[in-house]
Amino acid sequence: MLGNMMFQPLLISSMIEHAGRYHADGLIISRNTDLSMVETTWAKVRDNAKRFANVLQSFGLQTSDRVATIAWNNHRHLESWYAISGSGLICHTINPRLFPEQLVFIVNDAADRVLIFDKTFLPLVKAVKPLLKTVEKFICLDAADSAVSEAMPDVLFYEDLIAAQTPDFEWPELDELSASSLCYTSGTTGNPKGVLYSHRSTTLHSYAICMPDSLNISARDVMMPVVPMFHVNAWGTPYAAAMVGCTVVLPGPGLDGASLVNLIDTYKVSVALGVPTIWQGLIGAAQQSGSKLESLTRNVVGGSACPPAMLRVFKEQFNCETLHAWGMTETSPLGTSNQYKAKHMHLSEEEKLKIRLSQGRPPFGVSLRITDEENGTNEIERDGHTSGNLQIKGHWIVESYFGKEQSALTSDGWFDTGDIATLNDDGYLSISDRSKDLIKSGGEWISSVELENLAMGHPKIAMAAVIAAEHEKWDERPILIAIKKPEADLTDTEILDYYADKVAKWQIPDKVIFVDAIPLSGTGKMLKKDLREQFGKVLLS
Ligand code: ADP
C-alpha cells in the first residue's frame, strides 16, 4: 500500500519560487566585476531568473543541454543558475583558474551550447573560443560594453537580453531525478571528471546543510560564500540560502583579506565559508586593521584540513566558532561537519577544541565507512585510531562520472574517496591524508597533514606543505616546504627542534626548504604534485 500524501518533485525552481514569494524583500548584496556594490532582493532574483529562462528558451535549447558559466560569486551569476537549472537545462560551472587546455577539454567534454562569462574573463574566453567545438552563443554577464563587443563581435549581453523579456515563465515540472548541474573535479588527481548532480540530490543536500548540526543556516543569517560558485556549487550555499531566505553577500572578484573584512563589517555577515587559504588572508587583514569581525559568529572551513592554529585564532581573537567540514566534488560536497553532541558540552575549552579539529560527523543521508583496502569492501573498526580508506554513500553522492558508463562505486555500492581517515564510535571523521600524499618511510606511514598542521602552528610560518621526497634507504622521507611570515627570522634547525617534542623522531622531516610561494590549485589547495616534481629528489645523492 502506498501512502496517501501529495507527491511533488524536488526541484531547484521551487527553491527560488519559495525565496521570491516568502522572502521577497530579503537582500542579495553583490560585488560587480568593477568592484562596485549592488543590492537586489530574492523577488528580483526570481524575476530575472524567469526573464533569463525566457532568453534561454528563445535559443531553442533542448532539455538537459549544457549551459556553462565562468563567473564570480555575484547576483547575475545567481540569477542565471536558477534560470538554467529551473528551466531544465544543466548548469555547468567552470573554474576560470584551470589551465586553458583543461578548460577547453571540459567545455568540449560537456558539449556546452552556451557560455556565460564575467567581463573579467573576456581575454580567457576570447583566447579559447576557436577551440570550443560546441558553443553557439557567448553571453557577457553584464550590460552592453563596447570594449567587449570590439574584442568579440558576436557576444550577447545579459542585461540587454533580460530587458527584452518578461518575468512570465512557467517552470517546467521536471522529473526530480533529472540532471541540474555539472561540476568537474579540479583535476588535482588527474584529468578532470564531470559530476552530474540532479534536482533531487541538490534539494536533499540543501536541506542537510541548513540543519543545526550541519552549517545551521537560517533566515536570520547574513551568509557570505567566499568559496566560489564554480567550486562544487559554492558548497551548495546558493540553494540553501534560497531555501531559508537568508541575506546573501556575494564577494565578486574581491577575495583578498582586506576586501572580505570590509564586507563582513559593512554588511554584518554572520556566517562565511571558504578554504583555509582564504581565512589565512582574512586573519592577517583583520589583525592589521584592528577589526574584531564582530558580526561573524561562525565560519566554515573545508576543502583542505583546517590548521589547528587557525581554529584557535578565530575563537580567541574574534570570538568566532570555526566549523570544520569535509567533502568533495563527488559528494555535492557536504560529507561531514563538525558540531558537538550534548555529551561534549561540559568538556573544558581545550578538550572541545580537540573535537573541533576533526572533520566532524555525517548528517542524516550520508553513511561513512573505513576499509582496509582501496576500493575494498572489508570495513574496519571505528576506534578513532585505525586508519584506512574512507568510503561514502548517500543521497547526494556520485554514482558514475559524466559520460562514463561504468559505475564509480565499489562492488557493494560505496564510493571510495581516495582519502585516508579514521572514524570514531561517535561518527567523527579525521582525515589523515589523501592516499597519494601519504609518506611511506621504511614501511611506516607518515601523515603530511599532521606535519603541516604543526608547522602552521609555528608563529614564524605563514604556509607549509609537507611532501614525500625519494630516499635511497627509506624509500620516502618527509620534507617541509615553508613560507616564512613577513620579516620573520627563522632557520631550519629552529623548526626541526620545534618538531622534536611534538612527533616521534622518525616522523620529523629530513629537510626544510624555505620558498616565497607555494603553488595553489584553482580552488586554493596546495599543489603537492607540483611540489613533488620540483623537490621530490632533493634527498638523493
Ligand atoms: P579535487 O579532488 O580535485 O582536489 P575537491 O574539491 O573535490 O577537488 O577535493 C576533495 C578533497 O579535498 C577530499 O577528497 C579531501 O582530500 C580534501 N578535503 C576536503 N575537505 C577537507 C578537510 N576538511 N580536511 C582535509 N581534507 C579535505
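In listed order, ligands and their atoms are each counted from 1. The chain is numbered in sequence order, starting from 1. Keep in mind that the numbers below use all heavy atoms, side chains included, and drop hydrogens, waters and symmetry copies.
Annotation: Thr417 places no N or O atom under 3.5 Å from an N or O atom of ligand 1; distance criterion only. Between Trp326 and ligand 1, no N or O atom pair is found at a separation short of 3.5 Å. Taking only nitrogen or oxygen atoms, main chain and side chain alike, Gly302 does not reach within less than 3.5 Å of ligand 1. By the 3.5 Å distance cut-off applied to N or O atoms, Thr185 is not counted among the residues near ligand 1.
When all heavy atoms of Asn338 and Ser358 are compared, the pair lying nearest together is ND2-O, 2.8 Å. Across every non-hydrogen atom of Ile217 and Val244, the tightest pair is O-CG1, 3.6 Å.
By the 4.5 Å heavy-atom criterion applied to side chains, Phe415 and Leu390 are not counted as neighbours.
When each of Arg312, Arg298, Lys352, Lys315 is tested with Glu321 by the rule salt bridge (Lys or Arg N to Asp or Glu O under 4.0 Å), just one qualifies, namely Lys315.
Counting heavy atoms under 4.0 Å from ligand 1, residue Pro333 does not touch it at all. Counting heavy atoms closer than 4.0 Å to ligand 1, residue Met328 contributes atoms from both its backbone and its side chain.
Every atom of ligand 1 with a heavy atom of Lys525 under 4.0 Å away is listed here by number and element: 4 (O), 5 (P), 6 (O), 8 (O), 9 (O), 10 (C), 11 (C), 12 (O). Every atom of ligand 1 is numbered from 1 in the order shown, and the set under 4.0 Å from a heavy atom of His231 is 6 (O). For ligand 1, the atoms lying closer than 4.0 Å to a non-hydrogen atom of Gly303 are 12 (O), 17 (C), 18 (N), 19 (C), 20 (N), 21 (C), 27 (C).
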Next on the checklist: Using the rule given for side-chain hydrogen bond (donor to acceptor under 3.5 Å, both in side chains), can you reason through Asp383 versus Asn424, listing the C-alpha separation, both sets of side-chain angles and the distance that settles it, and then say yes or no?
Outcome noted: CA-CA 5 Å; Asp383 57 7; Asn424 72 14; over 6 Å; no
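Note on ligand 1: Ala325 sits in its first shell, one or more heavy atoms being nearer than 4.0 Å. Judged by the shortest distance from any of its heavy atoms, Asp419 lies inside the 4.0 Å radius around the atoms of ligand 1.
Between Glu470 and Lys537 there is a salt bridge, with a side-chain nitrogen of the basic residue lying less than 4.0 Å from a carboxylate oxygen of the acidic one. Using a cutoff of 4.0 Å between basic side-chain nitrogens and carboxylate oxygens, Glu176 and Arg200 are scored as salt-bridged.
Under a 3.5 Å cut-off, the side chain of Asn108 and the backbone N or O of Lys133 do form a donor-acceptor pair.
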